[in-house]
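To start, the structure itself, in C-alpha cells.
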Protein chains: 2
Amino acid sequence: MRATLPPKPGLYVSGNRLLDALPEADRAGLEADLEIVSLEAHKFTHSVGGVMSHVNFPIDAVLSVVATLKNGETVEVGTVGREGFVESDAALDSPLSQRTSFCQVRGTVGRMSIERFEARMASSATFARLMRRNVRALLFSAQQFAACNAKHSILQRSARWLSMTGDRVGSAEFTLSFDFLAIMLGVGRPGVSAAADALQNTGAITYHRGAWKILDKPLLNATACECYEACKLAFAASLRG
Amino acid sequence: MRATLPPKPGLYVSGNRLLDALPEADRAGLEADLEIVSLEAHKFTHSVGGVMSHVNFPIDAVLSVVATLKNGETVEVGTVGREGFVESDAALDSPLSQRTSFCQVRGTVGRMSIERFEARMASSATFARLMRRNVRALLFSAQQFAACNAKHSILQRSARWLSMTGDRVGSAEFTLSFDFLAIMLGVGRPGVSAAADALQNTGAITYHRGAWKILDKPLLNATACECYEACKLAFAASLRG
DNA sequence: AGAGCTGCGTACGAAAACGTACCGTGCTGT
DNA sequence: ACAGCACGGTACGTTTTCGTACGCAGCTCT
C-alpha cells in the first residue's frame with residue numbers, strides 16, 4: 001500500500017501521491033507528521049461546521065465530500081483518493097470545515113494535525129503551492145459535478161463513479177452498496193440498479209452483494225461521461241505543480 | 001454604483017464588497033491598480049485554458065462561471081457579483097484559467113492586472129487571506145450547485161437564480177432572456193417558461209421580453225431552494241475574513 | 001437450524017423534464 | 001411603414017426518473 005510513484009531511494013514515501021509529489025526538502029519530517037490510520041467505510045472524518053483537528057491524505061481509502069440538504073439528503077460533491085486530501089478548507093485559510101467528508105471505501109489515510117499542516121503551509125511555499133493547486137482541482141471537480149448532475153444520465157454517472165473509484169483504490173475490486181451509490185449520485189436506487197445491470201451486461205463490470213469488480217476499464221471509461229476524464233486530468237495537472 | 005458598504009471617510013471605495021472589506025492599509029494604491037470597465041452582457045472575461053491577464057472584481061455586473069461540455073453545452077457552475085471576483089485560479093497559484101467566465105448581466109467591474117494581483121497576494125497576508133476565503137465560498141457554492149442540480153426542481157432553481165442575481169445587481173430589475181437562463185440551469189427553455197409563469201402568478205416577479213422585475217423578494221426567496229440562502233451565507237462569511 | 005439483517009431484483013403508476021416545432025409579439029433598423 | 005429578428009408563449013409526444021412497494025437471496029449470529 002505504499003510507493004505508488006517511483007520512490008527515490010532513501011526517501012520516505014507516503015503512498016499519497018500529493019505528498020509524494022513534494023520535492024525532497026519538503027518531505028523532511030513527513031513521517032513524523034503523519035499518523036497512518038485505518039478507516040472503515042462510512043466513517044466520518046469531519047462534519048460540516050466543525051473545527052478541524054486533522055487533515056487526511058488518503059493512501060488507499062476513498063473519501064467522499066458531501067453536501068447535506070435540509071431534508072437530510074446528502075449528495076456527493078467531491079471524491080478524494082490518494083491524489084488529494086481532505087479537508088481542503090485548511091488550505092483556504094479557514095479552521096472550519098464547510099462540508100462533511102467520510103470514508104467511502106475502506107482503507108488507510110495519512111493523518112496530519114492541523115497545526116503541523118498550517119506550519120508547513122506557512123513555512124514552505126512549495127508545500128502551500130501544491131496544496132492550493134490541489135484545491136484548484138477539487139474546485140474544478142465540484143464544478144464538473146454540477147454540470148454532470150444537470151446533464152448526464154444515471155448510467156453515465158454511475159460509470160463515472162466506478163471508474164473514478166477504481167483509479168483511487170488502485171484495484172479493480174471494491175465494496176459499495178447500491179443504496180450508497182444512489183445516495184452519492186443523488187438518484188433513486190432503481191436507477192442505479194438499472195445502470196449496474198447495463199454495465200454488467202456489456203461486460204464492463206460484475207457485482208455481487210456490494211462487491212464490485214471492474215472487468216474492462218476502457219469500456220467502463222467509455223461508458224462514463226467526459227467528466228471522468230476531465231477530473232482525472234485536473235488532478236493529474238495539480239500533482240505536476 | 002459605488003459605496004455599497006458604509007465608506008470610511010477619505011478612503012477609496014471600489015463598490016466591490018470584497019475589496020471594500022480590506023483594512024485601510026491594504027486599500028492603499030487600490031485605485032491605481034483598478035481599471036473600471038463596462039461589460040456588455042455575454043462578453044467573456046476569460047476562456048478555459050487561457051493565460052489570465054486580469055482579475056475582475058464586479059461592481060454591479062454579474063458574471064457567470066460556466067463549464068463547457070464536449071457537445072458544446074454550457075452549464076453555470078458559479079455566479080459572481082460584487083461579493084467576489086473572477087478568475088479564482090489566480091488565488092490558487094495558477095496562471096491558467098480552468099473555466100470560462102463571462103458577463104451575465106451588464107454592468108461595471110474593477111479590473112486588476114494579474115501582475116498586480118499576484119504582487120498583492122505575495123505582499124499582504126491579509127489580502128491573500130481574504131481572496132482565499134472568497135475562493136472557499138466559491139468552492140462551497142460550486143458544491144451546492146452540484147447538489148442543487150441533482151435534487152431541486154426547475155422552479156426552485158429558477159427562483160434561486162433570480163434571487164441571487166437580484167442581490168448581486170443591487171436592483172430589483174435586470175435583463176436576461178429565457179434561453180440564457182435555461183442554458184445556465186442546464187434545462188430546456190419550456191421548463192424555464194413554466195417556472196417564470198408560476199413565479200409571475202404568485203406575484204413574486206414580473207417579466208417582459210427579457211426584462212425581469214422582482215416584486216416580492218421574500219416570496220421569491222421562499223420559492224427558491226435552500227441553496228440560495230446557503231450560498232449567500234457562505235459569501236457573507238468570506239467577507240468577514 | 002432459525003431469526004434477522006442487508007443487499008438487490010423488479011414492477012408500476014406518477015411526475016418531471018425533454019425536445020421539437022410552430023406561431024405570436026414587440027422591438028429595431030432602414 | 002415595413003422587414004427582420006429576438007423573445008417567448010404553447011403544445012404534445014417521448015423519455016427519463018421518481019417513489020414506493022413487495023419479495024427473494026445470501027450472510028451472520030446465536
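Naming convention: chains lettered A, B, ... in sequence-line order (proteins, then strands); numbering from 1 in each chain.
When rounded to the nearest whole Å, the span between NE2 of A:His208 and P of C:dG9 equals 10 Å. Computed from coordinates, the A:Arg209 CZ to C:dG9 P distance equals 10 Å when rounded to whole Å.
Comparing A:Trp212 and B:Arg157 by the nucleotide of DNA chain C that holds the closest heavy atom to each, the one mapping nearer the 5' end is A:Trp212.
A salt bridge between A:Asp89 and A:Arg99 is absent, with no side-chain N of the basic residue lying under 4.0 Å from a carboxylate O of the acidic one.
At a threshold of 4.0 angstrom between heavy atoms, the contacts of A:Ser193 include nucleobase atoms, whether or not backbone atoms are also involved. Backbone-only contact: B:Asp197 has heavy atoms under 4.0 Å from sugar-phosphate atoms and none from a base.
A distance-only check finds no donor-acceptor pair linking the side chain of B:Asn56 to the backbone of B:Arg111 [under 3.5 Å]. A donor-acceptor pair under 3.5 Å is formed between the side chain of B:Asn16 and the backbone N or O of B:Gly84.
Considering B:Arg168, B:Arg17, B:Arg133 in turn, B:Arg168 is the only one that fulfils the salt bridge (Lys or Arg N to Asp or Glu O under 4.0 Å) rule with B:Glu83.
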Are there any protein N/O atoms within less than 3.5 Å of an N/O atom in nucleotides 18-20 of chain C, and if so, which ones and at what distance?
from: C:dC18; atom 1: OP2; to: B:Gly188; atom 2: N; distance (Å): 3.1

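Within the structure, side chain to side chain donor-acceptor pair (under 3.5 Å) pairs that include any residue of residues 204-216 of chain B comprise B:Asp197-B:Tyr207 (at least two apart or interchain).
The aromatic rings of B:Phe180 and B:Phe102 sit perpendicular to each other, their planes meeting at more than 60°, with 30° as the lower class boundary.
You can see that DNA chain D meets the heavy atoms of chain B within a 4.0 Å-exclusive cut from D:dA6 to D:dA11, reading 5' to 3'.
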